[in-house]
Amino acid sequence: MAEYHFVSIWQVQAPIERVWEEIYHAECWPSWWRYVVGVEELEPGAADGVGKRLRLLFRTRLPYTLGFDVRVTRVQRPSELEAEATGELEGTGRWTLTPADGGTLVRYNWDIRTTRWWMNLLAPVARPMFS
């Protein structure tokens, strides 16, 4: 399997509580995250969100829609949200939110592996497109 490690950092001019709500409620992602084309709740999880399962569909630069499930494994409102991915991607994603400069600093760590044979076969030459 091909492995990837991504770190995305955004400075958002909004209070941490508002940013948390937008990230925590993944069903809203298609309204502001242009690559997310679908979110379906599979299981609601506990009252705090731990155990919640979602099916995510992402548009890619290739003519392909990437689908995988996530299960929320950690919720520390309003500063940390973590989930495990299974399906076409496997691994862990972790959102960390910190108040900063009158807004919120958002850091997303995404450690994943591709599971499709063709993704793994193409990884050595297509890594920039997959990234």
Side-chain angles (χ1 to χ4, degrees):
M1 288 186 215
E3 295 187 7
Y4 299 86
H5 174 73
F6 301 106
V7 176
S8 299
I9 299 175
W10 303 302
Q11 176 68 38
V12 181
Q13 292 306 310
I16 191 170
E17 294 82 9
R18 180 158 181 229
V19 176
W20 170 266
E21 290 299 319
E22 290 294 325
I23 291 171
Y24 180 78
H25 295 286
E27 63 276 4
C28 298
W29 290 1
S31 70
W32 58 267
W33 194 342
R34 70 179 180 160
Y35 295 110
V36 180
V37 295
V39 177
E40 176 187 358
E41 183 176 309
L42 304 175
E43 292 178 29
D48 66 355
V50 172
K52 182 177 186 176
R53 286 188 54 237
L54 303 166
R55 158 70 48 153
L56 302 176
L57 297 174
F58 278 77
R59 175 182 27 244
T60 67
R61 290 182 184 184
L62 300 172
Y64 184 74
T65 299
L66 185 65
F68 55 94
D69 295 350
V70 295
R71 184 177 59 82
V72 175
T73 56
R74 179 178 167 86
V75 176
Q76 187 173 354
R77 183 179 297 265
S79 59
E80 191 173 333
L81 180 65
E82 186 173 288
E84 291 180 5
T86 58
E88 291 185 294
L89 299 178
E90 292 181 351
T92 303
R94 181 180 309 108
W95 297 92
T96 306
L97 284 67
T98 309
D101 298 325
T104 305
L105 183 66
V106 179
R107 179 184 175 106
Y108 185 62
N109 287 20
W110 187 219
D111 295 307
I112 51 141
R113 298 171 299 285
T114 53
T115 62
R116 296 284 188 227
W117 67 268
W118 64 269
M119 291 178 183
N120 295 327
L121 181 67
L122 293 175
V125 293
R127 184 173 287 273
M129 279 192 295
F130 289 168
S131 298

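Side chains included, hydrogens not; waters and symmetry mates left out as well; all remaining heavy atoms used.
Evaluated for a side chain to side chain contact (heavy atoms under 4.5 Å, CB included) with Val37, the options Thr65, Leu56, Leu66 yield exactly one hit, Thr65. Under the side chain to side chain contact (heavy atoms under 4.5 Å, CB included) test applied with Asp69, the options Glu90, Glu84, Arg53 reduce to a single match, Arg53.
Considering only heavy atoms from C-beta on, Trp10 stays 4.5 Å or farther from Val19 through its side chain. Contact annotation: the side chain of Arg77 approaches that of Glu21 to within less than 4.5 Å [non-hydrogen atoms, C-beta and beyond]. Taking 4.5 Å as the limit, some side-chain heavy atom of Val75 sits within range of a side-chain heavy atom of Trp20.
The CG atom of Leu57 lies 12.5 Å from the CH2 atom of Trp29; values are rounded to the nearest 0.5 Å. Here the CG atom belonging to Leu81 is positioned 9.0 Å from the NZ atom belonging to Lys52, to the nearest 0.5 angstrom. The CD atom of Glu22 lies 6.0 Å from the OG atom of Ser31; values are rounded to the nearest 0.5 Å. Summarising the geometry, atom CZ belonging to Arg18 is positioned 12.0 Å from atom CD belonging to Gln13; distances are rounded to the nearest 0.5 Å.
Linking ILVMFWY residues whenever their side-chain heavy atoms come closer than 4.5 Å, directly or via other members, leaves Tyr24 and Leu42 in distinct clusters. Cluster annotation: Val50 is connected to Leu97 through the hydrophobic network of ILVMFWY side chains, with a link wherever side-chain heavy atoms come within less than 4.5 Å. A continuous path of ILVMFWY side-chain contacts below 4.5 Å connects Trp33 to Ile23, so both sit in one hydrophobic cluster. Val106 and Trp32 fall within the same hydrophobic cluster, where Ile, Leu, Val, Met, Phe, Trp and Tyr residues are linked whenever their side-chain heavy atoms come under 4.5 Å apart, directly or through other members. Phe6 and Leu105 are members of different hydrophobic clusters when ILVMFWY side chains are connected at heavy-atom separations under 4.5 Å.
In this structure, Trp110 and Ala85 approach most closely via the heavy-atom pair CH2-CB, 3.8 Å. Of all the heavy atoms in Val70 and Ala83, the pair that sits closest is CB-CB, 4.2 Å. Nearest heavy atom pair, residue Pro99 against residue Ile16, reads CD-CD1, 3.7 Å. In plain terms, the two heavy atoms of Gly38 and Pro30 that are nearest each other are N-CG, 4.3 Å. The minimum heavy-atom distance between Val39 and Ala26, with the atom names listed, is CG2-O, 3.3 Å.
Between Arg107 and Glu80, none of the side-chain N atoms (NZ, or NE/NH1/NH2) sits under 4.0 Å from a carboxylate O, so this pair counts as no salt bridge. Remark: Arg55 does not engage Glu40 in a salt bridge, criterion side-chain N to carboxylate O under 4.0 Å.
Checked against a 6.0 Å centroid threshold, the rings of Phe58 and Phe68 count as neighbours.
Side chain of Glu43 to backbone of Arg71: no donor-acceptor contact under 3.5 angstrom is found.
The side chain to side chain donor-acceptor pair (under 3.5 Å) pairs that include a residue from residues 92-102 are Glu82-Arg94, where partners are two or more places apart or lie in different chains.
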